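Only a predicted model underlies this, so the values are computations on that prediction, with no experimental measurement involved.
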Amino acid sequence: MMLGPHYNHTMKTLATFFLVGIPGLQSSHLWLAISLSVMYTIALLGNTLIVTIICMDSTLQEPMYCFLCILAAVDIVMASSVVPKMVSIFSSGDNSISFGACFTQMYFVHAATAVETGLLLAMAFDRYVAICKPLHYKRILTPQVMLGISVAIIIRAITLMTPLSWMVSHLPFCGSNVVLHSYCEHMAVAKLTCADPMPSCLYSLIVSSIIVGSDVVFIAASYNLILWAVFGLSSKNAQLKALSTCGSHMGVMALFYLPGMASIYVAWLGKDIVPLHSQVLLADLYLVIPSTLNPIIYSLRTKQIRERIWSRLMHCLFDHSNLGS
């Protein structure tokens, strides 16, 4: 896009952005800082524990647990890319962020989101094979296939999200540098540009809709086949056991997709209806709550992980007690 003389004359490169936090809720910032700190601590401890348990325990090397291990690592990246800065803003008012750090944060949020939805699709495929083709499970989901799926998910995220961050970071910013958000959310930053931000906004909406939409369609198809197979079982106990193996995955999907889709489409379609502070709060919680609750859901609902965690904790506690005595 060509810029007129006025823009060429006044354009300057901003070195710093200032994040407002949650507009209109400044009086609640301290409580938000405390809440976010607690959730972030739980997210770090829970996801780190899951990664450690799965990596250390040779009995948890099935595809489902490997995908879960990657999901936990992505949740750590997702939360760590935004929460420390949010807490700093809400607790001390340190709301400045450099130009480079802002777009790095934006990139990691977008890339982690794209990887996470891909992992949820891979986990749905894993459940489909485990329930519909149990005799061929190990033949279909070999280590090579799992590696290929994981690499494809990461490449898709990088390929589709890199252009978005590039488009926004190369826009001319020559006006206000105050971002009406608590992290460098794409649309909030794009509004500050002197040029037309619509191409990057449309790219974000279209690519996000394609990624999430296609993944949701394939997940729905997988679960349709799973339900057909489950309700074809003659034993009620067998049906319940088969469905229970999908319970954790379904809970995590609900946590990820429902708030995420609400956040995206409220920002686009409901910006004149939903108050700004509600939009920002929804976007913030969407990045933090799934990362916090995912390890709790899997720890409580997956017997093998729950038993390994309990065993490791008891081992550490008793070893520490024996050393002390």
Side-chain angles (χ1 to χ4, degrees), residues 50 54 60-75 78 111-157 159-160 207-262 264 286 290-291 293-295 297-305:
I50 283 184
I54 292 174
L60 298 178
Q61 300 305 309
E62 293 181 12
M64 180 180 72
Y65 300 117
C66 293
F67 288 135
L68 176 57
C69 181
I70 301 172
L71 179 66
V74 172
D75 279 339
M78 175 81 84
T113 302
V115 170
E116 187 148 344
T117 182
L119 286 172
L120 292 176
L121 173 58
M123 294 166 83
F125 177 66
D126 168 83
R127 291 300 83 204
Y128 160 74
V129 176
I131 293 173
C132 299
K133 300 181 181 294
L135 299 179
H136 303 285
Y137 183 77
K138 290 187 177 180
R139 183 175 63 82
I140 295 174
L141 286 174
T142 62
Q144 292 79 10
V145 170
M146 289 166 50
L147 178 61
I149 291 173
S150 302
V151 170
I153 290 169
I154 294 171
I155 290 176
R156 183 185 72 164
T159 302
L160 293 177
V207 169
S208 299
S209 298
I210 290 173
I211 291 175
V212 174
S214 60
D215 288 352
V216 168
V217 167
F218 285 118
I219 289 171
S222 297
Y223 270 95
N224 184 50
L225 296 171
I226 288 170
L227 290 175
W228 272 106
V230 167
F231 290 119
L233 299 173
S234 56
S235 168
K236 201 74 173 177
N237 287 335
Q239 290 179 357
L240 292 174
K241 184 177 180 181
L243 286 174
S244 68
T245 64
C246 302
S248 301
H249 182 238
M250 294 174 72
V252 168
M253 284 194 300
L255 274 175
F256 179 78
Y257 286 120
L258 295 179
M261 293 171 71
I264 291 172
Y286 162 63
S291 301
L293 295 184
N294 284 353
I297 291 172
Y298 275 104
S299 299
L300 292 177
R301 291 195 57 86
T302 307
K303 182 181 178 183
Q304 293 90 334
I305 292 180

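Checked by atom type and distance alone, the side chain of Thr117 never pairs as donor or acceptor with a backbone atom of Ala114 at under 3.5 Å. Judged by distance alone, with hydrogens and angles left aside, the side-chain atoms of Asn294 form a donor-acceptor pair with the main-chain N or O of Pro290 at under 3.5 Å.
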Could you pull out every donor-acceptor pair under 3.5 Å between side chains of residues 147-155 and any protein atom, sequence neighbours left out?
from, atom 1, to, atom 2, distance (Å)
Ser150, OG, Met146, O, 2.9

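Separation of atoms CZ (Phe231) and NZ (Lys236) is listed at 7.0 Å; rounding is to 0.5 Å. In this structure, CD1 on Ile50 lies 9.0 Å from SG on Cys69, to the nearest 0.5 angstrom. A distance of 9.0 Å separates CG of Leu225 from NZ of Lys133, quoted to the nearest 0.5 Å. Once rounded to the nearest 0.5 Å, the distance linking SG of Cys132 with CZ of Phe125 reads 10.5 Å.
Residues satisfying the ring pair (Phe, Tyr, Trp, His ring centres under 6.0 Å) criterion with Tyr223, sequence neighbours excluded, are His249.
By the 4.5 Å heavy-atom criterion applied to side chains, Glu116 and Asp75 are counted as neighbours. In this structure the side chain of Arg156 reaches within 4.5 angstrom of the side chain of Ile211, judged on heavy atoms. Annotation: side chain of Tyr137 is in contact with side chain of Asp126 (closest heavy-atom distance under 4.5 Å).
For Phe256 against Tyr286, the heavy-atom pair with the smallest separation is O-CE1, 3.3 Å. In terms of heavy atoms, Val115 sits closest to Ala157 at CG2-CB, 3.6 Å.
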ask   = Could you go step by step and tell me if Thr113 and Met78 meet the side chain to side chain contact (heavy atoms under 4.5 Å, CB included) rule?
value = CA-CA 8 Å; Thr113 302; Met78 175 81 84; 3.4 Å; yes

query = Where do Val207 and Ile210 land on the side chain to side chain contact (heavy atoms under 4.5 Å, CB included) test, with the steps shown first?
reply = CA-CA 5 Å; Val207 169; Ile210 290 173; 5.7 Å; no

